> 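Sharing a structure here in structure tokens format.
Nothing here was measured: the structure is a model prediction, and the numbers come from that model.
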Amino acid sequence: MTDRRRFLATTLAAGAAALPGVSCAGSAAQAGKRRPRIVSTWDFGVAANQAAWQVLNKGGSVLDAVEAGARVPEADPKNHSVGRAGYPDRDGRLTLDASIMDGNGDCGAVAAIEHIAHPISVARRVMEKTPHVLLVGYGAEQFAIERGFPKEELLTPESEQAWREWLKKSEYKPSANSENKTYGKGKPGDANNHDTLGLLAVDAQGRLAGACTTSGMAWKLHGRVGDSPIIGAGLYVDNEVGGATSTGVGEEVIRTAGSFLVVELMRQGRTPQQACEEAVRRIVRKRMKTARDLQVGFLALGRNGEVGAYAIQKGFTYAVCDSGKQDALFDSTSAM
Ligand code: GLY
């Protein structure tokens, strides 16, 4: 997090009680009862939230809002973990994953899609225009092109240079970033460069939607798919309860059906914060003996606007946007 942003979060946390309409670190998880609200993962979630907020504020649907929000990091040339500037796989191919879901249970996703700049919008078309939930690889690309999405070369010179740096050693150690330290800094060849945009929104009527989009782990095996396009793993939303999304090592999130787990824990009465903590603890209990540096973070939004966030490692930031403030950014609490 930049110093300015960290200062902002700290200041807001300290001054929350005195600032009506502002949610903040301690209270973002407890505030509740405030709608509409948009939350998303990582520092780049601030800009995504703001785009989503504009849609919601003009009377757009939560689905329109989350799609608009997800398209922001997908288009960001500095973002090497989402969309067109994402780092490629081991073979130098950029493959993207995305999912979208509304609180009625409608959902769509694409996995390992190439040459299409906005996988979140293709995921929405899958949801709305097909009887299916998930299209993958070349089939997803063909579907997108048939629907009018332009076929593009997405690998940026910077991403290609980073891949060529990695090729010099070709160490296959895909891992998830726990500090978000490389966002916008483009450290060539650094494999610790992965995070995901997960975004959840609730409107004034308590209707929810969520979106999740990523280029996955840098230098992954071609064809590797993480949690982000898997409904119930990287994203789950239910109007009766709330929504959840995840970031970090997708394999661990898939193993625990992570976002579904968070929502089901909320259904059983946990707060969003308690639900995120329990989901992280399950991963820690089962997996941390073999992977001490593993990172997974969950972000949850209750149907009443209550927010929860928790990660295994320090460094997971999340952005909160509502009528009081559109650029709030917080550090999640963590197990380590
Ligand atoms: N969390 C995204 C991925 O593992 O691909």
Side-chain angles (χ1 to χ4, degrees), residues 35-42 44-76 79 82-83 96-110 116-129 133-134 195-214 227-239 241-247 259-260 262-263 272 298-303 305-309 318-323 326-328:
R35 301 181 301 197
R37 181 169 280 163
I38 298 164
V39 297
S40 59
T41 53
W42 300 110
F44 52 65
V46 171
N49 283 357
Q50 288 169 345
W53 184 257
Q54 277 189 14
V55 172
L56 217 50
N57 219 19
K58 285 184 189 147
S61 70
V62 274
L63 207 55
D64 289 341
V66 299
E67 181 186 357
R71 288 173 64 96
V72 172
E74 284 182 349
D76 181 353
N79 190 322
V82 179
L96 304 176
D97 303 333
S99 62
I100 193 163
M101 184 169 194
D102 76 20
N104 295 319
D106 288 330
C107 51
V110 289
I116 305 293
H118 287 294
I120 196 65
S121 297
V122 187
R124 183 165 177 186
R125 297 299 191 290
V126 172
M127 173 178 129
E128 292 180 334
K129 305 293 182 194
V133 167
L134 174 61
D195 32 68
T196 299
L197 186 278
L199 188 149
L200 305 163
V202 61
D203 70 12
Q205 283 73 45
R207 291 175 297 223
L208 285 128
C212 192
T213 183
T214 187
D227 57 322
S228 302
I230 309 296
I231 297 296
L235 179 69
Y236 197 73
V237 181
D238 185 336
N239 277 345
V241 181
T245 189
S246 59
T247 184
S259 292
F260 182 72
V262 171
V263 171
F298 289 108
L299 178 63
L301 180 67
R303 67 187 300 275
E306 192 172 358
V307 182
Y318 64 100
V320 179
C321 172
D322 57 29
S323 56
Q326 283 88 57
D327 63 353

> How long is the gap from CH2 on Trp42 to OG1 on Thr247, to the nearest 0.5 Å?
5.0 Å

> Between Asn239 (side chain only) and Leu208 (backbone N and O only), is there a donor and an acceptor less than 3.5 Å apart?
yes

> Given side chains that start at C-beta, do those of Asp227 and Leu235 come closer than 4.5 Å, heavy atoms only?
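SC-SC contact between Asp227 and Leu235 ruled out.
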
> Please report the interatomic distance OG1(Thr245) to CE(Met101), rounded to the nearest 0.5 Å.
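If we round to the nearest 0.5 Å, Thr245:OG1 and Met101:CE are 12.0 Å apart.
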
> Just one of Leu96, Asp97, Val110 clears the side-chain contact (heavy atoms from CB on, under 4.5 Å) bar with Pro229, so which one?
Asp97

> Kindly give the heavy-atom pair with the smallest separation between Ala51 and Gly69, and that separation in Å.
CB-CA, 4.3 Å

> To the closest 0.5 Å, what do you measure between CD (Glu67) and OG1 (Thr213)?
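If we round to the nearest 0.5 Å, Glu67:CD and Thr213:OG1 are 11.0 Å apart.
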
> Return the minimal non-hydrogen interatomic distance between Pro73 and Asn79, and the atom names on each side.
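Nearest pair, atom of Pro73 first, then Asn79: CB-ND2, 3.6 Å.
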
> What are the two closest heavy atoms between Arg303 and Val202, and how far apart are they?
O-CG2, 3.6 Å

> Any donor and acceptor pair, going by atom type alone, linking the side chain of Ser99 with main-chain N or O of Ser228 inside 3.5 Å?
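Yes: the side chain of Ser99 pairs with the backbone of Ser228.
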
> Going by heavy atoms in the side chains, are Leu197 and Ser40 under 4.5 Å from each other?
yes

> Testing Val72, Asp327, Leu199, Asp322 for side-chain contact (heavy atoms from CB on, under 4.5 Å) with Asn49, which one passes?
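Single side-chain contact (heavy atoms from CB on, under 4.5 Å) partner of Asn49 among Val72, Asp327, Leu199, Asp322: Leu199.
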
> How close do Pro36 and Ala204 get, heavy atom to heavy atom, and via which atoms?
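That closest heavy-atom pairing would be CB-N, 3.9 Å.
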
> Taking all non-hydrogen atoms of both residues, which atom of Ala52 and which atom of Ala65 are closest, and how far apart?
CB-O, 3.2 Å

> Can you tell me if Asp102 uses its side chain to pair, donor with acceptor, with the backbone of Asn104 under 3.5 Å?
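Checked: pair present.
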
> Sequence neighbours excluded and cut-off under 3.5 Å, please list the side-chain donor-acceptor pairs for residues 56-63, or say none.
{"unit_1": "Ser61", "atom_1": "OG", "unit_2": "Leu63", "atom_2": "N", "d": "3.4"}
{"unit_1": "Ser61", "atom_1": "OG", "unit_2": "Asp64", "atom_2": "N", "d": "2.9"}
{"unit_1": "Ser61", "atom_1": "OG", "unit_2": "Asp64", "atom_2": "OD2", "d": "3.3"}

> Just verifying a value: how many Å separate His118 NE2 and Glu74 CD, rounded to the nearest 0.5 Å?
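It is 6.0 Å, given to the nearest 0.5 Å.
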
> Kindly indicate whether the side chain of Cys107, heavy atoms from C-beta on, has any atom under 4.5 Å from the side chain of Tyr236.
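In short, these two side chains do not touch, never coming nearer than 4.5 Å.
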
> If you take all heavy atoms of Ala123 and Ala109, which pair is closest and at what distance?
CB-CA, 3.8 Å

> How many angstroms lie between CD1 in Ile100 and CZ in Arg124, if you round to the nearest 0.5 Å?
6.0 Å

> Would you say the side chain of Thr41 lies within less than 4.5 Å of the side chain of Asp195, judging by non-hydrogen atoms?
no

> Mind checking whether Val320 and Arg37 have side chains closer than 4.5 Å, heavy atoms only?
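Result yes, sub-4.5 Å side-chain heavy-atom pair found.
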
